[in-house]
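Worksheet for the structure shown next.
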Amino acid sequence: MTQPASPAKHNAPIPAAKPAPDKGSWHRPLGLRPDVRNLSLLGVLAVLIAVGGITKPDEFLATSNLQLVLTQASIIGVVTVGMTFVITSGGIDLSVGAIVALASVWATTLATQEYGFAGILFTAVIVGLGCGLVNGLLIAYGGMVPFIATLAMLASARGLALQITDGKTQMVTVNSVLDLGIKDAYILGIPPLVLVFAAVTVVGWLLLNRTTFGRRTVAVGGNAEAARLAGIDVRRQRLYLYLLSGLCCGIAAFMLIVLAGSGQNTNGNLYELDAIAAAIIGGTLLSGGRGTIVGSVLGVLVFTTITNIFALNNLESAVQQIAKGAIIVAAVLVQHRTLRGGEA
């Protein structure tokens with residue numbers, strides 16, 4: 001005969017079902033860290049501005065100098081946006097500076113300048129995309145290590161840029177391009193190149209943080225094999241990322257043409273190191289799986305401000321490079337300690 005259920009068991013509370021895990025919650029334990037890091041970078045930038053204002057108040061705080069700092073930051077900043085995507089995916093691109101040089105000299109040949117503003121812009125972008133396509137195909141479908149593939153592109157693009165120019169500076173004669181660099185073209189005191197940088201930054205942030213493309217990029221960088229098993233075409237994603245990096249290089253090349261009024265085979269020298277450094281100190285994980293556009297932009301501003309302060313105070317470039325190196329080492333150490341703390 002069945003025993004009746006005891007009142008205690010009958011009235012026992014039913015444990016609440018555990019909520020299903022949020023698909024995007026895997027990154028929330030690190031959610032505050034980018035915010036803290038960005039605030040730290042803002043603090044560093046504020047200190048640098050204070051140093052510049054104290055050491056050279058008339059020169060550093062002048063409107064023309066601040067406009068110059070933002071303009072110089074804009075060109076390397078656009079390159080850094082593309083680099084941030086590549087590093088987030090677990091890759092690297094050592095060829096960005098050489099691609100900028102090649103795109104700038106190809107877009108300023110006499111044959112290209114005959115087509116005016118549109119011809120120069122189109123050529124710069126197409127050359128950047130073409131180089132990015134080659135990098136992407138070699139890495140994604142050719143199985144080459146990103147370091148080797150982009151190093152080969154660096155050497156090839158530099159060599160081709162030198163061959164096109166024969167070591168000479170190619171002056172721009174298209175007035176519609178040159179006019180973008182004069183003060184009459186400023187909008188509310190903001191140089192057009194800064195507005196382009198702002199637009200690229202906004203698009204990059206939305207692409208990384210609000211689209212499937214961005215989530216796939218993070219997934220590939222975090223664990224490529226797991227991403228493949230989840231249905232992501234890893235090879236195609238990597239191809240797209242190097243195309244994106246090449247596109248950013250093409251845009252930066254056109255911006256450099258506007259700023260310098262010429263194309264040279266030495267353009268973009270060490271851009272790859274500056275872009276990688278800015279992304280790293282901004283919080284993008286060098287091993288992949290995490291990236292931040294805002295942090296990368298702040299990193300660019302920090303480095304550009306340092307360069308400007310050193311130049312105004314007539315300090316040697318060697319000391320400037322040492323300072324940059326120290327900042328990179330400190331950023332990597334902090335990043336390493338943060339990861340170890342997250343694993344504990």
Side-chain angles (χ1 to χ4, degrees), residues 59-60 62-83 96-109 112-113 116-128 157-158 161 164-165 168-201 246-275 278 296-297 300-312 317 320:
E59 294 90 339
F60 181 79
T63 302
S64 58
N65 183 64
L66 296 178
Q67 290 172 336
L68 175 62
V69 170
L70 290 176
T71 301
Q72 292 175 338
S74 297
I75 299 173
I76 185 62
V78 170
V79 175
T80 303
V81 169
M83 182 69 77
V96 291
I99 294 175
V100 169
L102 178 59
S104 69
V105 300
W106 206 322
T108 53
T109 60
T112 303
Q113 292 193 51
F117 183 99
I120 294 175
L121 176 59
F122 177 80
T123 302
V125 171
I126 287 298
V127 171
R158 282 288 179 195
I164 291 175
T165 61
K168 301 176 182 177
T169 299
Q170 298 179 163
M171 303 304 298
V172 177
T173 58
V174 180
N175 292 329
S176 56
V177 173
L178 298 175
D179 289 345
L180 290 176
I182 63 176
K183 289 189 176 181
D184 291 341
Y186 290 8
I187 301 174
L188 299 177
I190 303 175
L193 299 187
V194 178
L195 296 177
V196 172
F197 175 38
V200 171
T201 299
L247 173 62
C248 289
C249 290
I251 296 173
F254 179 79
M255 296 168 68
L256 191 57
I257 291 170
V258 171
L259 182 63
S262 63
Q264 304 178 54
N265 66 287
T266 56
N267 282 343
N269 188 34
L270 296 181
Y271 271 20
E272 56 277 358
L273 299 183
D274 288 341
S296 295
V297 170
V300 169
L301 292 175
V302 166
F303 278 136
T304 308
T305 305
I306 290 174
T307 301
N308 184 257
I309 292 174
F310 274 64
L312 290 177
S317 59
Q320 173 185 323

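- One distance of note links CD1 of I75 with OG1 of T80; it measures 11.5 Å at 0.5 Å rounding.
- At least one donor-acceptor pair under 3.5 Å links the side chain of Q113 to the backbone N or O of T108.
- The minimum heavy-atom distance linking A73 with V300 is given by the pair O-CG1, 3.4 Å.
- Using a 4.5 Å heavy-atom cutoff, the side chains of V196 and F254 are not in contact.
- For the pair T109 and V105, the minimum side-chain heavy-atom distance is 4.5 Å or more.
- Distance alone, capped at 3.5 Å, is enough to place a donor-acceptor pair between the T112 side chain and the W106 backbone.
- By the 4.5 Å heavy-atom criterion applied to side chains, V69 and T305 are counted as neighbours.
- Between Y271 and V96, the shortest heavy-atom contact is C-CG2, 4.2 Å.
- If you take CG on L121 and OG1 on T123, they are separated by 8.5 Å, rounding to the nearest 0.5 Å.
- Summarising the geometry, atom OH belonging to Y186 is positioned 5.0 Å from atom OG1 belonging to T71; distances are rounded to the nearest 0.5 Å.
- Q170 is listed as a side-chain neighbour of I164, based on a closest heavy-atom distance under 4.5 Å.
- Separation of atoms CD (E272) and CD1 (I76) is listed at 8.5 Å; rounding is to 0.5 Å.
- Smallest separation of non-hydrogen atoms from F60 and I309: CE1-CG1, 3.8 Å.
- The minimum heavy-atom distance between I99 and A157, with the atom names listed, is N-CB, 4.3 Å.
- For A253 against A103, the heavy-atom pair with the smallest separation is CB-CB, 3.6 Å.
- Atom CD1 of I126 is separated from atom CZ of F122 by 4.0 Å, given to the nearest 0.5 angstrom.
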Intermediate values then yes/no, side-chain contact (heavy atoms from CB on, under 4.5 Å), M255 and V258: CA-CA 5 Å; M255 296 168 68; V258 171; 5.6 Å; no
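- A distance of 7.0 Å separates CD1 of I120 from OG of S176, quoted to the nearest 0.5 Å.
- The shortest heavy-atom contact between S262 and M171 is CB-SD, 3.9 Å.
- Between N65 and E59 there is no side-chain heavy-atom pair separated by less than 4.5 Å.
- When side chains are defined from C-beta on, V100 counts as touching C249, because their heavy atoms get closer than 4.5 Å.
- Looking at L70 and F197, their side chains never come closer than 4.5 Å, going by heavy atoms from C-beta outward.
- Here the side chains of T304 and D274 are not in contact, with every heavy-atom distance at 4.5 Å or above.
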